[in-house]
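Take a look at the structure below.
Lettering follows sequence order; numbering is per chain, from 1. Given the structure is predicted, the values throughout are model-derived calculations rather than measurements.
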Amino acid sequence: MEIPNTAYKELLNDEQWAAVQYNEGVSVIVAGAGSGKTRVLTYKIAYLLENGWNPSTILALTFTNKAAREMKNRIANVVGEKKARWLWMGTFHSIFYRILRTEAERIGFTPQFTIYDSVDSKSLVKSLIKELQLDDKIYKANTIAARISNIKNNLITPTVYTSKAEFAKDDLHAQIPRFGELYKLYCQRCKEFNAMDFDDLLLYTYILFRDCPDVLESYQNRFSYILVDEYQDTNIAQHLIVNKLAEKCGRICIVGDDAQSIYSFRGANIDNMLSFQKTHDNCRLFRLEQNYRSTQMIVNAANSLISKNEHRIPKTVFSELAVGEKLKITGCYSDFDEGFTVANKIYNLVTEKGIRYSDIAIFYRTHAQSRILEEALLKRNIPYKIYGGLSFYQRKEIKDILAYLRLIINPNDEEAFKRIINYPIRGIGNTTQQKVLETAHVQHTNALAVTSDPIAYNLPVNSGTAAKLIKFGNMMQEFIAFNAEHDAYSVAEKVIMESGIMNDVSTDTLPENQSRKENIQELLSAIHEFCDMRVNNGSMDIGLVDFLSEVSLLTDQDTDQDDTTERITMMTVHAAKGLEFSYVYIVGMEEDLFPSILCKNERELEEERRLFYVAITRAKTACNISYAKSRFRNGQTQFSKPSRFLYEIDDKFIDFPEKQREDIRKERFSFLSQRQTTSARPRNLKPLAQVASTPTEEQNTYGLKIGDKITHLTFGEGTVLDITGSGDSTKALIEFKDHGNKQLLLKYAKLTIIS
DNA sequence: TAACAAGACCCCGAG
DNA sequence: GGTCTTGTTA
């Protein structure tokens, strides 16, 4: 079903249509929330194809597989699958992987290189810390891996890193002086293992284009138009590569919304977008400001919030949909109470208004908040689906099998080797493993080669151990030989049956083995499906390499197939970006949670504000916000104030009872203090805060003194150690006999004074 | 080497 | 509070 050019105009508004039509040079599309960004990108590419552009010269980059898939499908619907399939459309990682696989030899890898996920990277870091005999209390694998990732995202290679004194100074200051060495070794090992981590896919693409001008030129010549979605989320590597590629053809279109930049913690730099216009002459700017998603109330509330940010591209998002209802802000006593309240509201929404579960979503700042909500929903019998957490391909039993498959195609993959050398248990313990790895490092070969012929490598083990190693080595060699002549499914089936995994899962009767078995079955059918699909498309790429390359860039967002059952959706705000729901519940809007307690400066605070902006703008019809005054976190009850962001939304757009009460109280107070200043009292009054922190008899209406013995409904007997704050926020530090020290807000704590 | 206890850690997370 | 890792023991 092809659309004549004239029809586009009817499907788009003026600005959208202008953005679709402009294809002469560089352009930026600043697309406000809900302004039809994907729609514009889709039609823009369709428009190009219909006007004679060759699909294989168009490069379109997204951040998620899902976004790429959806856009490709939508384009295929307009111009037909035949044309759409030749587009270079995918995530940064998958497109760069494709390029790297073709050019692997130019940068010292083979095309069979493995992609290490974050677990693999962390595990490698851990073993290097051990190898260099560093204190793992100081050199924490998590921190080191994060730092390596961060450095790579800024395109700093080990050579550069170790040559700059300022880095050494930083590390000395951070008490990790040998970090540079660690980083260098990490990269060296990855190369020896013929493996790249996720960051390498970007870094090595950059290096490839930097060091091989002929390769760069061939890709520059290949692409005639480059389009990038969600540009506000690009990091410096992505930014530089994309611009380098577009240098020749001069046609690049970036789409994004600076107000929705929420990934700086993983290297995204909003400046890439903000400065794009300045660095490109003749750059056309298109602003999509009409929101087609949300009510006016929601859009206005979000606008008034985001206007508090200083760093932004000025724009006015507006809606012409219904005015809608004010955003409701509900204060709850506790996290438990919040869950109960939200569950109740959802229950009423569904039973009284007939709203479908799938139109409702709950967003939270951190995953940890989901549990208590789950409990509340269960009690109300509300079906839900939680996004995030472990994806299918990250489960232990799946990763184990994948490790076999990885080692088959890349015998240098030491992380894979370590995973399976003694799984299932074949009596090759830690000591032997260490010997094998060390021998492999010293003799510059891979661990698998050593196990295959321990005697030739002078491995210091007894004959029994040697026999076990040889048996494993032979088995792997057999798999490798088999793989050369069979498709991925046959190999996987053989591996599962002959490695002992099936036996291991089948023999004993542990309850978790049943689900493990099912997962293995599911993996097999996934591989089968993969082969089938490729064969049906006339592709012969049905080997292990092909399957693994697809799988290692997949995430759980891509494997959610069960959309048939009606349920509400629960996810973090980050995960919600790009989605929309009629009814949205944002929970946990408290200081130190949202914004996070880890926000140290104004810049980070602005990002949190954008995050909240994203959350609000997901809502189509109604947005409900709640906060709890006490919350169980990290093993203890914490008290908090409503988030500062709630006070930043204009009163006109919110229904916020607690704030209204506070405002009335403040008014009275200001009246009182005015009288005080006019009377003849000494000028140097104590600041208000100080007055408040020493509770007088009048302020401490709870009649509690330090040293009092009390009992609490849940914590039992205790002694008051300290009293702080005043009025509603008066807190007592109490030492409980059986529950240790606790800060309790007296307003809610049900205490009985014993003596 | 398996089983169990003690200790660490806990923000968001594409690919 | 829950989960994952590490250390200890038989």
Side-chain angles (χ1 to χ4, degrees), chain A residues 61-68 90-98 100 115-123 126 130 136-137 140-143 146 149 152-153 196-202 205 229-230 233-235 237-238 261-268 335-336 363-372 375 387-391 393-394 396 422-423 425-432 508 510 549-558 571-578 588 592-600 604 607-608 610-612 614-615 631-638 739:
Chain A
L61 296 165
T62 63
F63 272 84
T64 65
N65 291 310
K66 200 176 166 195
T91 61
F92 279 93
H93 289 84
S94 68
I95 296 289
F96 291 176
Y97 174 56
R98 187 167 156 191
L100 286 170
I115 298 172
Y116 274 3
D117 69 12
S118 32
V119 178
D120 297 316
S121 320
K122 220 178 85 185
S123 157
K126 214 178 207 171
K130 216 173 196 174
D136 60 4
K137 295 272 183 318
K140 304 218 170 168
N142 266 328
T143 324
S149 168
K152 283 188 180 173
N153 281 328
M196 290 194 199
D197 63 25
F198 287 140
D199 304 312
D200 285 335
L201 294 177
L202 309 185
T205 304
D229 193 12
E230 306 272 21
D233 288 336
T234 54
N235 63 28
Q238 291 159 327
S261 161
I262 54 172
Y263 283 112
S264 76
F265 68 89
R266 63 180 191 208
D335 46 356
F336 180 85
F363 303 148
Y364 33 78
R365 180 67 179 79
T366 70
H367 277 300
Q369 291 163 253
S370 66
R371 180 169 294 271
I372 195 133
E375 283 167 18
Y387 278 76
L390 226 53
S391 83
Y393 288 102
Q394 289 175 315
K396 190 197 168 297
N422 200 29
Y423 175 78
I425 290 156
R426 42 178 75 90
I428 303 172
N430 229 309
T431 332
T432 311
D508 64 320
L510 285 167
S549 64
E550 177 135 321
V551 152
S552 43
L553 293 171
L554 228 57
T555 58
D556 57 321
Q557 298 269 328
D558 304 309
M571 53 171 67
T572 62
V573 183
H574 282 90
K577 200 175 88 170
D592 294 346
L593 181 62
F594 201 165
S596 158
I597 192 165
L598 292 135
C599 281
K600 293 169 288 287
E604 288 174 344
E607 175 143 325
E608 293 282 309
R610 291 192 293 268
L611 190 57
F612 187 33
V614 167
R631 179 176 297 279
F632 202 84
R633 271 220 282 174
N634 297 339
Q636 53 180 306
T637 307
Q638 291 182 353
H739 293 84

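Of the possible polar contacts, none joining the A:T637 side chain to the A:R633 backbone as a donor-acceptor pair under 3.5 Å is found. Side chain of A:T205 to main chain of A:L201: a donor-acceptor pair is present (N/O by atom type, distance under 3.5 Å, no hydrogens or angles). Side-chain atoms of A:Q238 come within 3.5 Å of backbone atoms of A:N235 as a donor-acceptor pair (strictly under, hydrogens ignored). Of the possible donor and acceptor atoms, one in the side chain of A:E607 sits under 3.5 Å from a partner among the backbone N and O of A:S264.
Where stacking is scored as ring centres under 5.5 Å apart with planes under 30°, A:F265 registers as stacked on the base of B:dC12. The aromatic ring of A:F198 stacks onto the base of B:dG15, its centre lying under 5.5 Å from the centre of the six-membered base ring with the two planes under 30° apart.
Salt-bridge formation is not detected for the pair A:K130/A:D136: no Lys NZ or Arg NE/NH1/NH2 atom is positioned less than 4.0 Å from an Asp or Glu carboxylate oxygen.
Take the nearest nucleotide of DNA chain B for A:K137 and for A:E607: the residue whose nucleotide is more 5' is A:K137.
Protein atom CD of A:Q369 is 10 Å distant from nucleotide atom C1' of B:dC11, rounded to whole Å. Here C:dG7 presents its P atom at 12 Å from CG of A:N430, a figure rounded to the nearest Å. If you take OH of A:Y263 and P of B:dG13, they are 7 Å apart, rounded to a whole angstrom. Atoms CD (A:Q394) and P (B:dA14) sit 9 Å apart, rounded to a whole Å. Atom CZ of A:R610 and atom P of B:dC12 are 18 Å apart (whole Å). In this structure, A:N142 places its CG atom 15 Å from P of B:dG13, rounding to the nearest Å. In this structure, A:L61 atom CG and B:dG15 atom P are separated by 13 Å, rounded to whole Å. Rounded to whole Å, the distance from CG on A:N235 to C1' on B:dG15 is 12 Å.
When heavy atoms are screened at a 4.0 angstrom cut-off, A:D117 is found touching no nucleic acid atom at all. Across all strands, A:I597 comes closer than 4.0 Å to no nucleic acid atom at all (heavy-atom distances).
For A:L598, the listed nucleotide lying nearest its side chain is B:dC11; candidates were B:dG15, C:dG1, B:dC11. In this structure, of B:dA14, C:dG1, B:dG15, it is B:dA14 that holds the atom nearest to the side chain of A:R266. Listed nucleotides: B:dT1, B:dC11, B:dA14. Nearest to the side chain of A:T64: B:dA14. Residue A:A575 has its side chain nearest to B:dG13 when only B:dG13, B:dG15, B:dC11 are considered. When each of B:dC11, B:dG15, B:dT1 is scored by its nearest atom to the side-chain atoms of A:D199, the top-ranked nucleotide is B:dG15. Taking every side-chain heavy atom of A:T366 into account, B:dC12 is the closest of B:dA14, B:dC12, C:dG1. If you check B:dG13, B:dC11, B:dT1 against the side chain of A:H574, the one that comes closest is B:dG13. Nearest nucleotide to the A:L553 side chain, out of B:dG15, B:dA14, B:dT1: B:dG15.
The CG atom of A:D117 sits 13.5 Å away from the OH atom of A:Y393 when rounded to the nearest 0.5 Å. Interatomic distance, A:H574 NE2 to A:Y263 OH, rounded to the nearest 0.5 Å: 5.5 Å.
Residues that satisfy the side chain to side chain contact (heavy atoms under 4.5 Å, CB included) test with A:R426, not counting sequence neighbours, are A:Y404, A:N422, A:P424, A:I428, A:F472, A:M475.
In this model, the phosphate group of B:dA14 is not approached by any side-chain N or O of A:N65 to a distance below 4.0 Å at OP1 or OP2. Distances shown here put every side-chain N or O of A:S118 at or beyond 4.0 Å from the OP1 or OP2 atom of B:dG13.
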Anything under 3.5 Å between a protein N or O and an N or O of nucleotides 2-5 of chain C, put it in a table, one pair a line.
residue	atom	partner	partner atom	Å
C:dT3	OP1	A:R371	NH2	3.4

